[in-house]
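Okay, structure first, notes after.
Quick caveat: nothing in here was measured; it's all calculated off a predicted structure.
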Amino acid sequence: MAALPEDSHCSYLAVNEEEEERGREIVGVSDKGGFGSRRIVILEPLPLLSPVKQNVDLNLAPPNWLRGSGAGRYFYKTLFSQFNKTSDRNTSHVNPSSIILASHYSHLVGGVVDVIADTKSVKKLLTMPYNKSNVSMSVHRIGRTLLIDELYTDTSLREFEKLSSVGELPKVPLVKKDPVSVRHRSMYSKLLYYSTPDDDSESLPILPAPEHLLTLPDPVKGAAPNIDEELSDIFPCVPPDPLPQPFHLNVEWTVNDIRMLLGSDLPIFGKEGKPAISLKLRDMDKPITVLTGLDYWLDNLMCNVPELAMCYHVDGIVQKFDVIKTEDIPKLDKNCQFSPQEVLKVAENILSFLKSNCTKEGHTYWLFRPKGEDLVKLYDLTTLTSSSKETEAIENPFAKSVATLFYRVSQRMLQYGACDNKKELNNIKILLENCIKLLHNDLNSQIVMSSYFLLADMFLSHTPPLLEEEPTGSEDDDESHESQLITNEPYISSLAVSSLIHNIDPLMTGPADGTGSIPDATNSLKISLTYVSKALEGLNPLCIVDNWRVTGTSQLLLTAGNAYWKLSEGAMADSELGQCLRWARLAVLCFKVSLALSKDKKQIKLMKNMLGSSWQLCGDVHVLSTKASSSLSRYINDFNMFDSIDCKIKTFLSSLYNPSVEEDDYLQLHVDIETSLKMSIECYNVCKSVGGASTNNNKLKERLGNAWNELGVYYKHTAATGTEQDYSAKTSLCDESYKCITKGLTLFKETGSVPNQSLLNANLGSLSRVLAAIEHQKQAKEGGGAEFSLEERSHYNRSIDYYNKGKALLKRLSNHPTIWLNIEMDLCNVYYEFGRAIQDRPPLSRVSVQEVERDIVSLFMKAIHFAESVAGNVPPGSSHHVSVSGIIGTTHQQLGSLYHKVAFDPAFSTQRQRTARTQSERHYSKSINSFIVNDHSLQILRVYWERSLLYEQHANMVITPLNYYTNHWMTYY
């Protein structure tokens with residue numbers, strides 16, 4: 001008695017509401033050599049076998065024949081499935097059963113199972129050494145998975161047969177119906193119903209399915225999200241639901257390392273004390289041949305059925321019933337003896353041959369062996385049709401179904417996140433690109449457009465680190481074994497069937513022509529845009545009326561907008577402002593058109609967010625361009641350098657939307673600083689008006705506040721440095737500056753940004769100092785600038801108030817030390833300027849000399865106070881320390897000179913003169929000490945000279961003519 005091969009095993013695939021996730025493991029892991037499964041799900045009971053009594057006439061139908069109720073419903077489905085596959089040969093090439101099966105189990109396609117086929121096709125392959133009949137099968141490849149179907153030459157090759165006229169394909173005979181086989185099938189169907197109880201009620205005794213023998217439900221109804229349940233008019237395109245399950249039973253059969261997903265229509269019964277049993281009908285007058293034994297054995301072996309019930313008949317009259325163990329079938333009769341190990345060798349070799357030669361995804365291969373010959377040939381029909389000049393009109397009849405499966409598998413991989421590494425991403429890329437190659441834009445534009453979208457979205461979403469590594473080949477790739485093959489032409493491979501039994505070569509599990517490549521991360525966004533542009537090429541903007549075209553165009557432009565936005569962010573990080581604005585401009589246009597086309601509320605919210613972010617980025621570019629005047633010409637050149645992909649997308653966008661003149665101006669680079677800042681404010685305002693989460697926040701207000709502040713500072717600087725003598729124009733500029741800075745201050749108050757509020761108050765203080773200077777220039781021009789005016793005093797006092805307000809907001813030095821010290825430095829300067837202005841142009845017509853003296857001393861002492869505060873909080877030798885040291889020295893020198901005059905002025909009392917002389921000497925000494933710290937040599941000499949003059953005058957008691965209000969040649973502020 002021959003035993004079953006130890007390395008052959010079968011298990012049932014199951015995916016239902018509870019087992020979707022576990023179903024992924026069914027063919028993934030096993031205990032020994034990759035055999036078996038870890039998860040089994042009980043899904044459907046088996047009908048109880050009732051042996052047919054002797055002398056029953058199978059030519060007559062039982063009462064329950066072909067009824068779809070009771071226990072008979074089990075066989076009704078089986079027979080109906082067999083009938084469909086037998087009678088519907090005219091459309092078998094349109095929807096091959098392997099492709100339908102793969103569509104239902106798309107998560108197993110590409111990298112889990114090696115073969116998807118029906119058991120009939122696999123049996124025909126494995127029995128080729130024992131059978132001399134025709135073999136005609138189609139083979140398609142997806143990843144490491146081969147899809148195999150019988151190719152009915154009378155219909156499926158109708159298009160390809162045009163090649164035979166030029167001698168490239170052999171002539172094949174038509175398939176004819178066999179009356180004997182038809183009669184046998186009719187009797188067998190009646191036997192199945194005779195073998196079940198004749199009661200058609202629902203209460204018939206039915207055995208529960210054993211744990212190791214289970215049928216598979218429709219996986220489309222599983223709990224996990226299924227793309228096939230969605231509407232067909234959404235985008236990206238969802239292919240129509242797969243056709244109903246083509247088989248009654250789907251199983252996974254493992255032979256060594258070969259994993260097969262098989263569909264079977266084998267009727268299986270339950271039996272008291274037995275897990276399962278199959279039923280066959282045999283003519284008692286005909287001996288059981290090797291082919292018949294192989295057929296019975298393989299059926300049971302693939303479906304893991306331990307026993308076979310054999311019903312013998314003579315001319316349709318039942319003679320007897322025998323039960324045979326599956327393991328005994330190879331030794332059942334002297335005419336029916338075969339070696340199971342040889343069958344396994346055949347399986348390994350034929351699969352190795354197919355995998356070694358069916359290397360191109362999307363191609364249709366034809367495995368053909370004429371009747372009675374030993375040599376089986378494999379034709380690459382796709383290469384033949386494309387290379388033949390005389391048959392340019394030939395189309396691959398399998399193209400649409402194969403392409404749809406490519407799309408379905410890749411979409412499911414993306415949906416379930418099967419893209420955690422570069423290899424998986426590369427597999428998805430190859431699937432989608434092959435899908436596009438197989439289909440034509442004009443006939444299948446929806447799925448082509450969707451494929452382009454998925455490719456673009458994949459490259460957009462999977463940036464570093466997934467796309468950084470260099471592409472690697474499939475880990476399953478091996479060297480081909482040329483000794484096994486006889487290659488005549490690039491598109492024809494041959495194999496001697498007689499060699500299948502003897503030689504075993506390692507199985508080829510990877511495509512021989514490589515796996516393509518994924519570009520590095522720096523180009524991934526541009527590749528994404530390339531796919532978008534290709535998808536848009538197939539669209540006529542005037543014909544975007546269908547729901548899927550509108551939605552698809554919106555989604556494609558959303559993807560393009562995201563890519564442009566990411567590119568512009570990268571350019572911003574690299575300070576490439578021209579490129580940044582060019583891509584941000586395209587992002588704005590993409591998002592605007594996408595928003596106009598979209599009807600999805602979630603998508604609209606996302607688009608508004610992205611549109612607002614793009615406008616915000618444009619505003620940032622305008623602000624930063626004002627700080628990079630030396631590189632502005634290069635930025636403008638970069639802005640105008642649109643590549644071919646950008647031009648295609650830009651042209652498509654212009655056919656749907658043209659921005660207004662004002663909007664176009666917002667999206668251009670400008671040379672003028674004032675214009676750039678105004679454009680930045682407009683961009684931020686547009687961003688705010690768009691709405692969305694990203695535009696209604698404090699960061700946008702802070703950006704807008706900064707732009708207003710920059711514009712105000714620009715006006716202030718222009719007024720302060722302008723050479724024109726139109727002081728009313730300068731005053732107008734200061735007024736505009738005040739308005740701009742005040743608007744910025746209001747925005748920073750709304751955001752609660754204390755540092756920015758402090759800085760803008762300091763800018764207002766600086767603006768008041770500019771106004772004081774303009775007022776002095778105005779009065780000097782009019783001939784009335786000999787005395788310090790009240791308007792100047794008002795501006796200086798307002799400036800001091802703004803500085804003090806800004807400092808008060810900070811509360812203490814430790815909160816924001818840099819801003820705090822800068823404001824104290826400004827206070828030091830404004831007090832010094834204030835005092836010097838009064839000293840140089842004393843308002844003696846309004847106040848007395850004593851009041852002027854008190855004002856000057858008070859202002860200078862405050863300047864010294866703030867200068868010493870700054871000097872005590874900055875490192876010695878720093879720019880701030882050098883500057884404030886000079887101010888301290890100069891201010892003390894000014895005070896020394898002031899008291900110097902008083903000390904020898906006879907208008908003052910002797911006591912007052914004595915006190916002034918002491919104060920003058922003290923201030924001269926402090927001035928020298930301050931100048932010595934940072935080696936101000938010239939200033940030190942000047943102070944020494946004035947102090948020596950003080951001593952000389954005191955010694956001689958002679959008043960030397962000194963201008964009371966000396967204009968020193970050195971000023972620090």
>> Which residues pass the salt bridge (Lys or Arg N to Asp or Glu O under 4.0 Å) test with Asp333, not counting sequence neighbours?
In response: none
>> Between Asp315 and Arg183, does any side-chain N to carboxylate O distance fall below 4.0 Å?
In response: yes
>> Less than 4.5 Å apart, side chain to side chain, heavy atoms only: is that true for His140 and Thr364?
In response: yes
> Rounded to the nearest 0.5 Å, how far does CG of Leu367 lie from NZ of Lys124?
Replying inline: 11.0 Å
>> With side-chain contact (heavy atoms from CB on, under 4.5 Å) as the criterion, how do Asp299 and Val305 come out once you've worked through the C-alpha distance, each side chain's angles and the decisive distance to 0.1 Å?
In response: CA-CA 8 Å; Asp299 268 338; Val305 178; over 6 Å; no
> Taking only residues two or more places apart in sequence, or in another chain, which ones meet Thr127 in a side-chain hydrogen bond (donor to acceptor under 3.5 Å, both in side chains)?
Replying inline: none
> Taking it one step at a time, do Leu405 and Ile142 satisfy side-chain contact (heavy atoms from CB on, under 4.5 Å)?
Replying inline: CA-CA 9 Å; Leu405 181 60; Ile142 300 180; 3.4 Å; yes
> So, do Met187 and Asn59 sit near enough that their side-chain heavy atoms are less than 4.5 Å apart?
Replying inline: yes
> So do the side chains of Lys280 and Tyr296 get within less than 4.5 Å of each other, counting heavy atoms only?
Replying inline: yes
>> With side-chain contact (heavy atoms from CB on, under 4.5 Å) as the test, pick out the partner of Phe353 among Asn349, Asn357, Leu351.
In response: Asn357
> Side-chain contact, heavy-atom cut-off 4.5 Å: Leu147 with Arg141?
Replying inline: no
> Is the closest side-chain heavy-atom distance between Val52 and Tyr193 below 4.5 Å?
Replying inline: no
>> Let me confirm one number: the OH-OG distance from Tyr194 to Ser189, rounded to the nearest 0.5 Å.
In response: 10.5 Å
> With a 4.5 Å heavy-atom cut-off, do Leu332 and Ile288 have their side chains touching?
Replying inline: yes
> With Thr289, which residues qualify under side-chain hydrogen bond (donor to acceptor under 3.5 Å, both in side chains), at least two apart?
Replying inline: Thr292
> Does Lys132 NZ have over 12 foreign heavy atoms under 6.0 Å away?
Replying inline: yes
>> Can you give me the closest heavy-atom contact between Gly293 and Phe338, atom names plus distance?
In response: C-CE2, 3.8 Å
> Under 3.5 Å, is there a donor-acceptor pair between the Ser136 and Asn134 side chains?
Replying inline: no
> Does the side chain of Asp114 reach to within under 4.5 Å of the side chain of Leu146, using non-hydrogen atoms?
Replying inline: no
> Can a cation-pi geometry be assigned to Lys377 and Phe368, taking NZ or CZ under 6.0 Å from the six-membered ring centre and within 45° of the ring axis?
Replying inline: no
> Within a strict 4.5 Å, meaning less than it, do heavy atoms of the His313 and Asp283 side chains meet?
Replying inline: yes
